[in-house]
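Atoms considered below: every heavy atom in the structure, side chains included; atoms not considered: hydrogens, waters and symmetry mates. Worth saying up front: this structure is predicted, and the values here are computed from it rather than measured. So you know, we letter chains A, B, ... as the sequences are listed, proteins then strands, and number each from 1.
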Protein chains: 2
Amino acid sequence: MPKVGMEPIRRQQLIDATRACIGESGFAATTVQSIAKRAGVSAGIIAHYFGNKLGLLEATMRELLQQLKLDLIGRLPANPTAEQRIDAIIETNFSKTQTDPLSAKTWLAFWSSAMHEPTFARLQRINEKRLHSNLRYSFKQLNHPAPNQAAGTLAALIDGLWLRGALSPDGIQADRCIALCRHQTELLISVAKQHSNNTETA
Amino acid sequence: MPKVGMEPIRRQQLIDATRACIGESGFAATTVQSIAKRAGVSAGIIAHYFGNKLGLLEATMRELLQQLKLDLIGRLPANPTAEQRIDAIIETNFSKTQTDPLSAKTWLAFWSSAMHEPTFARLQRINEKRLHSNLRYSFKQLNHPAPNQAAGTLAALIDGLWLRGALSPDGIQADRCIALCRHQTELLISVAKQHSNNTETA
DNA sequence: TTTTATTAATTGATCATTCAATAAAAAACA
DNA sequence: TGTTTTTTATTGAATGATCAATTAATAAAA
């Protein structure tokens, strides 16, 4: 049956199947057999395209991160204001593609594996730092007196809502999470404005 | 060698060993062999006291939850004010016993397993609800206009700081987390007070 | 003599990886 | 153009390791 040029097709099929398996059954129950079966190919092909199981898992996590990155870029207007940037970050993190139960479970599975798998830990840390520095930059623009702290608060709030949603039987309530994050942002900005007024009049 | 009355001793040894194994090597690498070895007993004894591996894991998670519960009770003064109650909750969640890297990793491992293991999911949900309802009750006492939302925010912030710390190479920075949560609580209370004034003068 | 405590070895299942075999397609060659 | 060789794509079976659970055996204590 072999046709030429299957590599990109098979790679994508296998990555998709991996996401589906992890989301559906978790990391522990995701075997190369179950992935191959879902992708409709033989298990041996995984070694051919990804070297081994870890290689496939790494490629899968990379794609999740890439998707998140592109999603944010797509939501950012040209020359965004600080408020717009924060808003785009919030919306991206609670977008449909990120909060459907399958993706949410896949993310959390990778997060917990990152504790003991250096490959995942590295990727996870890059993502975490990007979120934090994007937020910090925005709060700096808003003259927040403690941009680092404000960014840490909002980043943790996003991750926390995310985690609680992933573990909840109802899944992530995106609208409610976005509303909560927006409200929190307003709170943090109002603190920044009060500070601005105080230093101006001082 | 058998002595009588070993049951409580062995149970505790095995639970401790399980926590240590999961915290050190993660869920995937924690086998009954590795637990038994660390506890200095034979693997067969696990079946004798806990039925099977899942039974031991469940007992381990129960102990983590119990410890958290007792920790909070110990920190609550008699007839606490709402502020005191919130403060005790924050301090408990970032206490030494909860934030040392081993415990943090063990918690996160159970959280992610809860996605696909109903036994863990049930226990995790009970804990989550207790945190939320404790906070909601306190914000209600403070006349916060949206106690449910305020509780959701602080609970998510706690979990988020917790998650980010568990995945960070530096571990959980308890002091910083507590300071952040306190600051957030003040923010939320100040909103409550403004609301009180508005409704009084209206 | 029965109960409690414990081990070490066995069993059977599962899993990732490797490997030999197969064949279509492409390239090299005649 | 026709033929041979090489490359690419794929499978299914084997290999060997690992693991949870079971079991038979042992012995102290009641």
Side-chain angles (χ1 to χ4, degrees), chain A residues 1-61 109-110 112-113 116-120, chain B residues 1-61 109-110 112-113 116-120:
Chain A
M1 295 183 214
K3 290 176 202 165
V4 150
M6 292 305 288
E7 181 155 353
I9 297 165
R10 288 278 179 260
R11 279 183 165 268
Q12 195 59 52
Q13 282 179 329
L14 286 166
I15 288 174
D16 291 345
T18 305
R19 285 176 64 164
C21 282
I22 294 175
E24 222 173 66
S25 324
F27 234 85
T30 296
T31 68
V32 292
Q33 299 289 342
S34 69
I35 296 169
K37 192 176 179 183
R38 184 177 277 266
V41 293
S42 145
I45 210 73
I46 288 171
H48 186 244
Y49 287 122
F50 294 96
N52 53 28
K53 190 185 183 183
L54 186 63
L56 172 55
L57 292 174
E58 188 186 338
T60 305
M61 188 174 179
F110 274 114
S112 68
S113 303
H116 300 100
E117 178 53 59
T119 310
F120 300 157
Chain B
M1 297 181 212
K3 291 174 201 167
V4 150
M6 292 305 288
E7 181 155 352
I9 296 166
R10 288 277 179 260
R11 280 184 163 268
Q12 196 57 54
Q13 282 180 329
L14 285 166
I15 288 173
D16 290 346
T18 305
R19 285 176 65 164
C21 282
I22 293 175
E24 223 174 65
S25 324
F27 234 86
T30 297
T31 69
V32 290
Q33 297 290 341
S34 70
I35 296 169
K37 193 176 179 184
R38 184 178 277 266
V41 293
S42 146
I45 210 75
I46 288 171
H48 185 245
Y49 286 123
F50 294 97
N52 53 26
K53 190 186 182 182
L54 187 64
L56 172 54
L57 292 174
E58 188 185 339
T60 305
M61 188 174 178
F110 275 113
S112 68
S113 304
H116 300 101
E117 178 54 59
T119 311
F120 301 156

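- Going from atom CD of B:E7 over to atom P of D:dA29 covers 18 Å, rounded to whole Å.
- OP1 or OP2 of D:dT8 has not a single side-chain nitrogen or oxygen of A:Y49 nearer than 4.0 Å.
- Minimum atom distance to the side chain of B:K53 is reached by D:dA20, of the listed C:dA16, D:dT10, D:dA20.
- Across all strands shown, the partner of D:dA30 is C:dT1, judged by Watson-Crick or G-U wobble contacts whose two distances both fall under 3.5 Å.
- Whole-Å rounding puts the A:Q13 CD to D:dA9 P distance at 13 Å.
- Proximity of the aromatic rings of A:F27 and B:F27 is defined here by a centroid distance below 6.0 angstrom, and this criterion is not met.
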Quiz item: Could you go step by step and tell me if A:R10 and A:F50 meet the side chain to side chain contact (heavy atoms under 4.5 Å, CB included) rule?
Solution: CA-CA 10 Å; A:R10 288 278 179 260; A:F50 294 96; over 6 Å; no
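- We find that CG of B:N52 is positioned 17 Å from P of D:dC19, with the value rounded to whole Å.
- In this structure, A:E58 CD and A:T18 OG1 are separated by 12.5 Å, a value rounded to the nearest 0.5 Å.
- Side chain of B:M6, nearest nucleotide from C:dT17, C:dT18, C:dT6: C:dT6.
- One interatomic measurement links the two molecules: CD1 of A:I45 to P of D:dT10, which rounds to 5 Å at whole-angstrom precision.
- Of the candidate nucleotides C:dA5, D:dT11, C:dT7, C:dT7 has the atom nearest to the side chain of B:V41.
- Side-chain N/O atoms of A:R10 include none lying less than 4.0 angstrom from OP1 or OP2 on D:dA9.
- Taking only side-chain atoms of B:T31, from C-beta outward, the nucleotide of D:dA21, D:dA20, D:dT11 with the closest atom is D:dA20.
- With hydrogens and angles disregarded, a donor-acceptor distance shorter than 3.5 Å links the side chain of B:T30 to the backbone of B:G26.
- The side chain of A:S42 lies closest to D:dG12 when the candidates are D:dG12, D:dT10, C:dT6.
- Atom P of nucleotide C:dA16 and atom CD1 of A:I35 are separated by 8 Å, given to the nearest angstrom.
- Rounded to whole angstrom, the span from the CG atom of B:L56 across to the P atom of D:dA21 amounts to 10 Å.
- Taking atom CD1 on B:I46 and atom C1' on C:dA5, their separation rounds to 15 Å, with Å as the unit.
- Minimum heavy-atom separation, B:L14 to B:V41: CD2-CG2, 4.0 Å.
- Rounded to an integer number of Å, the gap from CZ of A:R11 to C1' of D:dA9 is 14 Å.
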